[in-house]
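Sequence lines set the chain letters: A, B, ... in the order given, protein chains first and strands last, and positions in each chain run from 1. All values derive from a computational prediction rather than experimental measurement.
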Amino acid sequence: MQDNPQYQDRLARLARWHALGAEPFGRRLDDLSSIDQARQLHQADTPHDGSAAVKVAGRILLLRDIGKLIFITIADWTGRIQIGVAKQSMGVDWDKAKLLELGDIAWFSGKVGHTKTGEITVWADGLGIASKALLPPPEKFHGLADTELRYRQRYVDLFANPDSLEVFLLRSRVVREIRDFLHGRNFVEVETPMMQSLAGGAAARPFVTHHNALDIDLYLRISPELYLKRLLVGGMERVFEINRNFRNEGIDTRHNPEFTMLELYQAYSDLAGMMELTESMVVALATMCRKNARPADAESPSRLTLQFGDRLIDYTPPFERLSYRELLQRHADVNMADAATVKQAAARHGVADIENKAHDVLLGELFDRVVEPAIAAMERPVFVHDYPAGLCPLTRRKPGDETLADRFELYVAGMELANAYTELNDPLVQEQTFTQQLAGQKLEDSMARMDDDFIAALAHGMPPAGGLGIGIDRLVMLLANRTSIRDVVLFPLLRPTTAVRS
RNA sequence: GAGGCCGUAGCUCAGCUGGUAGAGCAACAGACUUUUAAUCUGUGGGUCCUGGGUUCGAUCCCCAGCGGCCUCACCA
C-alpha cells in the first residue's frame with residue numbers, strides 16, 4: 001500500500017486538507033437527505049437553479065473539473081446524483097472543492113435544480129469532506145471486474161459495482177419478507193446452538209472446534225433440526241430459525257462451507273401443510289422481485305417468470321408435484337417396488353457394487369444419476385415427494401405405505417431449494433433409526449448418531465408436526481439471478497493469501 | 001479429488017513466429033463556467049504470480065508451485 005505512488009499522492013493531498021483547517025476524517029452529519037429523496041425534490045416545474053434546499057453525502061464516483069465549474073457525481077446506497085460546484089457561488093469553500101478527488105466521501109448543501117441538458121443537479125452552496133480516500137478507486141467505467149478481488153475486497157465491490165450492492169440489498173429484503181411472512185402465520189423466531197457436542201439432524205461432515213474451559217471438542221452445527229424439535233416438545237408450536245449451518249465439504253458455485261438456512265416446524269401440520277407454506281412463500285418472494293420488471297419478463301406478463309442465467313424460470317403456482325415413483329418410472333423406466341428390475345437399471349446406469357447395496361440406496365443413486373438431470377432441465381419448480389423411507393430416517397412413514405417417507409424436496413433450476421417432512425415423533429422408531437446405517441452407505445452419509453437426550457425429549461411427547469428447510473443463499477441466487485453462491489454471500493470463504501497467513 | 005481456462009501498471013485490458021512491454025482510465029503539471037466514462041497539451045509509473053529449466057536471449061516454450069474462475073465428483 002505504502003509503495004503505491006498514488007497512495008503517496010493522496011497522503012500529500014491529505015496534508016493540504018489539514019492545511020485548510022478541515023478534518024479529512026470527519027464526524028457526524030445532521031440534516032442529510034438520501035440521494036433518492038433529493039432527486040424526488042426535483043419536479044417538472046423546478047427552475048434551472050433549483051428551489052428546494054438539501055444536504056446530501058456520498059462517495060465521489062465521477063469528477064469533471066472544467067475550470068471554474070466542477071461537476072461531481074456522488075452515490076449513496078439509494079442512488080447517484082450530480083453536484084454542480086461553481087466558483088462564483090462557493091466563496092472560501094472553493095479551495096476545498098478543488099481538493100476533492102475520486103473515492104472521497106463528501107457532503108454538499110445546495111438547491112436541487114438541473115442543467116441545460118436536464119440532468120438533476122444539486123447546485124452547491126456549501127461542501128465538506130466526510131472521509132478522505134487514501135487509495136484510488138477502481139476504474140470508473142468497468143468497476144472492479146477481477147472476481148477474486150471482488151470477493152476479497154467486497155467493500156470495494158459494493159461501492160464500485162452497483163449491481164453487487166443491489167444483490168445484497170435484495171437479499172436483506174428477501175429475508176425480511178420471509179420473517180414477515182412467518183410472523184403473519186404466528187411463528188416465533190428462535191436461536192439454537194451452533195456449537196453442538198453431537199452434530200445431528202443431517203448427513204454431513206462437521207467442522208470440529210474445542211472449548212478450553214470444559215476441555216471438550218465441539219462441532220459446528222450441520223443443522224438446527226434436533227434442537228428446534230425439542231422446542232416443539234416444550235410447547236413452542238411454531239418456531240423458525242434463519243441462521244448459519246456449517247458443512248465441511250467441497251466448495252463450488254452452489255456450496256459455501258457456511259450457508260444460511262431457514263428451518264421451521266409447525267405443530268399439528270404435516271407435509272401437505274409445508275408444501276402449501278413453501279409454495280406461498282416462494283411465490284410471494286418471486287412476486288416481490290418481479291416488480292423490477294426485466295425485459296424477458298415483459299414477454300409473458302401473465303406468468304410469474306424470473307430470469308436465471310440463460311433460462312427463464314416460471315414460478316406461476318401451482319408448482320409441479322411428482323412422486324419419486326413416477327419420476328423413476330418415467331426417466332429410468334423402473335418400478336420402484338421391484339427389486340430385480342431396480343438392480344438391472346442400476347447396472348445399466350453404471351452404479352457400482354450393486355449386490356452390497358440396500359434397495360433404497362440403489363434407488364437414491366438411480367435418482368441422482370437419471371432423474372435429477374431431467375428435473376434440472378425443467379423450467380418450473382418441482383416438488384418431488386414420497387421418498388424411499390430408508391433414505392429419510394428422521395421422517396415419518398407415509399400413511400398406508402411403510403416403504404415411503406412423508407417427505408418432499410423442492411427443485412428449482414436443478415438446485416435443491418427446500419426439504420420438508422412430516423416429522424417423526426415416535427421415540428421408539430426414532431431410537432431404532434438412529435442406530436441404522438444402510439448397507440452401502442458411508443458412515444458420514446448416514447444419520448446413525450445416537451442422541452439420547454433427543455430420544456428423551458420425544459419420550460415426553462412431541463406433537464405431530466411438519467418441518468421445512470430452505471437454503472436462503474440459493475433462494476437469493478434464484479431471485480437475484482446470480483448463478484454463483486459467492487455472488488450472494490458477502491464474504492465467501494477463500495483460501496487466505498500468504499500475507500494474511502503470516 | 002480430476003480436468004479445462006486464467007494471473008501483464010492502482011483499475012480495465014492488448015502484447016504476432018521467443019529479441020528486456022503497450023493502450024484507456026486513474027495519477028502528476030497545465031488550459032477550460034453546463035459537463036455526462038467531459039475534452040485538450042505534456043510527464044511519470046512494471047518482481048509480466050513465484051521458483052526452476054530450455055535458449056545467445058523467455059511475458060511468450062517446458063516443469064513444479066501459489067492463487068482464482070469454470071466443469072465434474074461429494075453435498076444443500
Side-chain angles (χ1 to χ4, degrees), chain A residues 1 3-10 12-13 48-49 61-73 80-90 94 101-103 113-121 123 133-153 156-157 160-161 201-205 222-223 245-263 368-369 372 409-412 414-419 442 444-445 469-475 477 483-487 492 494-501:
Chain A
M1 192 165 76
D3 51 11
N4 177 351
Q6 294 199 38
Y7 181 79
Q8 297 301 329
D9 288 337
R10 281 169 179 258
R13 203 172 285 227
H48 159 263
D49 58 353
L61 299 183
L62 300 171
L63 191 150
R64 299 176 289 278
D65 183 344
I66 37 185
K68 298 186 180 65
L69 178 66
I70 308 173
F71 287 105
I72 299 171
T73 301
R80 297 179 171 207
I81 198 166
Q82 175 169 273
I83 313 290
V85 186
K87 183 178 184 184
Q88 202 169 28
S89 47
M90 282 310 298
W94 179 247
E101 61 188 330
L102 296 179
H114 54 267
T115 63
K116 69 181 182 188
T117 54
E119 175 87 20
I120 296 175
T121 300
W123 296 107
L134 295 178
L135 286 169
E139 205 226 21
K140 60 193 179 188
F141 188 58
H142 296 95
L144 192 64
D146 185 285
T147 42
E148 184 177 355
L149 275 180
R150 286 184 48 233
Y151 301 147
R152 290 195 192 277
Q153 302 191 310
V156 177
D157 178 45
N161 300 327
R205 261 162 271 194
I222 56 174
S223 151
N245 287 348
F246 306 87
R247 298 190 183 175
N248 206 340
E249 321 232 335
I251 298 175
D252 60 34
T253 48
R254 298 177 169 195
H255 299 85
N256 195 55
E258 52 177 315
F259 63 101
T260 302
M261 276 279 281
L262 161 67
E263 207 158 296
D368 291 347
R369 279 162 197 261
E372 273 201 5
E409 285 201 39
L410 176 63
Y411 285 82
V412 187
M415 288 195 286
E416 293 164 53
L417 184 65
N419 190 8
K442 288 180 250 166
E444 60 263 25
D445 290 344
I470 294 185
I472 297 298
D473 311 278
R474 289 179 175 182
L475 180 61
M477 286 168 67
T483 53
S484 170
I485 198 169
R486 296 183 205 93
D487 287 331
L494 296 180
R495 195 177 291 277
T497 59
T498 46
V500 172
R501 212 178 294 155

request  = With a 3.5 angstrom cut-off on both distances, give the Watson-Crick or G-U wobble partner of B:C25, or none if there isn't one.
outcome  = B:G10

ask   = What nucleotide among B:C11, B:G68, B:G45 has an atom nearest to a side-chain atom of A:Glu148?
value = B:G68

ask   = Looking at the side chain of A:Glu416, which of B:U33, B:A76, B:A26 is the nearest nucleotide?
value = B:A76

task = Tell me which nucleotide among B:U12, B:C74, B:U33 gets nearest to the side chain of A:Asp252.
result = B:C74

message = Taking any heavy-atom pair under 4.0 Å as a contact, classify A:Thr253: base, sugar-phosphate, or nothing.
response = sugar-phosphate

message = What's the closest nucleotide to the side chain of A:Glu249 if the choices are B:C74, B:U35, B:U33?
response = B:C74

task = Establish whether the base of B:C74 is bridged to the side chain of A:Asn248 by a donor-acceptor pair shorter than 3.5 Å.
result = no

message = Can you identify which nucleotide, out of B:C69, B:C28, B:A38, has its nearest atom closest to the A:Leu494 side chain?
response = B:C69

inquiry  = Counting only side-chain heavy atoms from C-beta out, which of B:G68, B:A26, B:C74 sits nearest to A:Gln6?
reply    = B:A26

message = By nearest atom, which of the nucleotides B:U34, B:C74, B:U35 is closest to the A:Thr121 side chain?
response = B:U35

query = B:G68 phosphate, OP1 or OP2: any side-chain N/O from A:Arg486 under 4.0 angstrom?
reply = no

ask   = Looking at A:Ala204 and A:Ile222, what are the two nearest heavy atoms and their distance?
value = O-CD1, 3.8 Å

task = Using a cut-off of strictly less than 4.0 Å, decide whether A:Arg254 has a side-chain nitrogen or oxygen near OP1 or OP2 of B:A76.
result = no

ask   = With both distances under 3.5 Å as the test, what is the Watson-Crick or G-U wobble partner of B:C69?
value = B:G4

query = Which one, B:U12, B:A26, B:A38, comes nearest to the side chain of A:Arg64?
reply = B:A38

message = Please give me the minimum heavy-atom distance between A:Arg10 and A:Pro137, naming the atom from each residue.
response = NH2-CD, 3.7 Å

